[in-house]
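First comes the structure, then the notes that go with it.
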Amino acid sequence: MHAHFWLRPRIRRNLFAFARRHDMVVVLSQPGPTRRPDAAVEEFIEGPLAEASELSVPVWLATGVLNSMTAPEFVSDPEKREHHLDGLRTLTEEYDERFPDGRVVLWQEAPISGHWSSEGQVWDEESIRNLQRYGPTIFEEQRRVVKGVNDDIGVGIFPHFTYVVDSKDPEVFEGLVDDLRTRGAFPDFGFVDFYRGNYEPGVGPTGADDAIRSLIGNARMHLDGRDVCYLGQAHTNKTGYTPSKQALRMDLRAARDAGAASIGYYAWFVYQPTDPARSFDPFIPVPEMSDDLRDRMDVTTYTIGRDRFLYAYSLLLGREEGYGADETFDLWLGGSDLDFHDHRLWLETVDGDWEFVGDFNGYVRTDHLYERTRDDHVSVFHALDRERYLAADDGSGAAGADDGGTLTLRIDTRADASAAELRSVSAVPFDPDSYVSEPEAMGLLDDGDAAAFTLGHESMEERLTPGARRPYGSRSPLPVGRAR
């Protein structure tokens, strides 16, 4: 999970909870390691690192982009170089306090990110030449600083995909890592990304899959078989391409076939509307929006097209051992007048602890297709662990898959929230191959008999009063039966 989300605590809190539930790593992206306009970088990132550590959510740090100098200046100007390296050292020290065995990802799509040329351009001949000429020195120096803080921290390299994939310029990455090998500064792992929307419209789905296999395969080969982490596309990118369900499935299959050590998706991305001419049957297309919404930091993939984000991860979860209809379940919460992140959901574990699961409904109020005239919504929390949250009715501990169990929940409503209503709570078998989006869930509850497809269902008309805490489960726990 890769994001610039620490400016929005509510979004951060939800993503950390999501990562914790599913044993995921969060990648915090702070591209430039030097001072920000409003605070020192270490002060800026201290809170999110502390919060993740308290929740036992592992974090990797993405940084090292040349945001304050060009590549030649890094090599030739000692003052600028030391300013950059001092910032990287301070940032790594802050990171090391809580994640001493973590990973630092350097560069972030070099030479696309950073000032590699004198004109500050990307993807021009000068920036590529400078990557080849000065890149080994820059990485060697940055790696030295990180390892100087703690040699146990893994240091990875993140090149732009065009300099790794066979169909473009793979000799650039090959030469780069060969040089690093001779310097004794070889990367501990690789990090690559690939957005199908930049590629698939021109070469077709099969060509895009071939590029993914080539990208990961070449990176692994040139890094002597070390881990290569892959960042795919669930967001709408700058070309207006919005992936379909099929594209997300093909992306995952190709990455796994190529041996990616880990796979993830951006939780945050600058808002872009879907371009129908570039998108093949998009999954949750994003319409045009007013500039004021497009520029808001809380308008992200996670808050506008969350089903694409969740579907991509559900495909991953569904292929991991321990996930399936007998081990996990989805929780649907239906209600009306549910505003953005006003209501916090807690579930009681079988050990008697209350665990924060997420806010609902979690969508920024816009005119996108998730909005309905009657202002009803269903929020879905996917792949919850039955052994953790479903207690046996006899109080003996976790319920077995065949025995059903009881789910106990609590809802806390913010003091400044508007009045809302909870209409239903449903437990549903989790199956990524039968993924139900939030609008589809609302339609099923409207049009069908909930008992026919749920493990447990309760209808209600409960007012969610601002500032109130409602321990629904202590009054009427939700009985959950065996999977149908």
Side-chain angles (χ1 to χ4, degrees), residues 2 25-35 40-42 44-46 48-50 52-53 58-69 71 73-111 113-114 116 131-159 164 173-192 219-220 222-229 261-262:
H2 190 282
V25 172
V26 171
V27 182
L28 288 179
S29 175
Q30 176 52 56
T34 53
R35 176 174 290 273
V41 166
E42 64 272 17
F44 209 66
I45 202 172
E46 180 180 9
L49 288 174
S53 179
V59 169
W60 298 350
L61 181 64
T63 189
V65 175
L66 302 182
N67 63 334
S68 59
M69 77 203 79
E73 287 173 334
F74 182 100
V75 175
S76 63
D77 190 323
E79 183 176 349
K80 287 187 175 182
R81 178 174 64 251
E82 288 310 308
H83 177 68
H84 174 94
L85 294 177
D86 284 346
L88 179 60
R89 183 178 297 106
T90 302
L91 185 60
T92 304
E93 289 171 347
E94 186 70 42
Y95 176 69
D96 178 59
E97 286 185 14
R98 295 177 175 84
F99 299 97
D101 57 350
R103 284 182 165 184
V104 172
V105 183
L106 294 178
W107 290 5
Q108 197 164 317
E109 294 187 279
S113 293
W116 289 86
L131 174 66
Q132 295 173 299
R133 181 177 180 182
Y134 301 113
T137 299
I138 295 169
F139 186 89
E140 178 185 20
E141 287 295 295
Q142 291 176 327
R143 181 184 182 278
R144 175 183 60 80
V145 165
V146 174
K147 293 291 189 179
V149 174
N150 185 348
D151 192 54
D152 290 334
I153 294 177
V155 181
I157 190 168
F158 186 179
V164 186
F173 183 66
E174 181 181 8
L176 184 67
V177 294
D178 283 348
D179 196 330
L180 291 173
R181 182 183 287 105
T182 64
R183 295 167 179 259
F186 204 70
D188 295 316
F189 65 98
F191 199 104
V192 294
R220 292 184 65 210
H222 295 310
L223 291 174
D224 296 346
R226 287 169 170 77
D227 285 354
V228 172
C229 309
S262 62

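Predicted model, so just to flag it, every value in this text is computed and none were measured.
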If you measure from the Lys or Arg side-chain nitrogens to the Asp or Glu carboxylate oxygens, is any gap between Glu141 and Arg144 under 4.0 Å? yes
Val65: which residues meet the side-chain contact (heavy atoms from CB on, under 4.5 Å) condition with it, sequence neighbours left out? Pro31, Gln108, Ser113
I'd like to know whether Glu94 forms a side-chain contact (heavy atoms from CB on, under 4.5 Å) with Leu49, so could you lay out the CA-CA distance, the side-chain angles of the two residues, the decisive distance to 0.1 Å, and finally the verdict. CA-CA 8 Å; Glu94 186 70 42; Leu49 288 174; 4.1 Å; yes
Contact check, side chains of Phe74 and Lys80, non-hydrogen atoms, under 4.5 Å: no
Okay, side chain of Arg81, backbone of Val75: is any donor-acceptor separation there less than 3.5 Å? yes
Can you check whether Phe191 reaches Leu106 side chain to side chain, under 4.5 Å on heavy atoms? no
Using a 4.5 Å cut-off on heavy atoms from C-beta on, say whether the side chain of Asp152 contacts that of Pro100. no
Can you check whether Val155's main-chain N or O pairs, donor with acceptor, with Asp188's side chain at less than 3.5 Å? yes
Hits for side-chain contact (heavy atoms from CB on, under 4.5 Å) against Arg89, two or more places apart or cross-chain, chain-then-number order -> Asp86, Glu93, Val145, Val149
Check whether any side-chain heavy atom of His84 sits under 4.5 Å from a side-chain heavy atom of Gln142, and report yes or no. yes
Side chains of Arg103 and Val27, heavy atoms from C-beta outward: is any pair under 4.5 Å? no
Identify, with sequence neighbours excluded, every residue that meets salt bridge (charged side-chain N to carboxylate O under 4.0 Å, His left out) alongside Asp96. none
Are there over 12 heavy-atom neighbours, none belonging to Arg183, within less than 6.0 Å of that residue's CZ? yes
With a 4.5 Å cut-off on side-chain heavy atoms, are Arg98 and Val59 touching? no
Which label fits Trp107 and Phe139: parallel for a plane angle under 30°, tilted from 30 to 60°, or perpendicular past 60°? perpendicular
For Phe99, enumerate each residue passing the ring pair (Phe, Tyr, Trp, His ring centres under 6.0 Å) test, keeping only those at least two apart in sequence or located in another chain. Tyr95
Is there a side-chain contact between Asp227 and Ser262 in this structure, where contact means two heavy atoms from C-beta onward sitting under 4.5 Å apart? no
Side chain proximity check, Ile153 to Leu61, heavy atoms < 4.5 angstrom: no
Side chain to side chain donor-acceptor pair (under 3.5 Å) with Trp60: which residues, sequence neighbours excluded? none
Check ring pair (Phe, Tyr, Trp, His ring centres under 6.0 Å) between Phe173 and all other residues, then give those that pass, not counting sequence neighbours. none
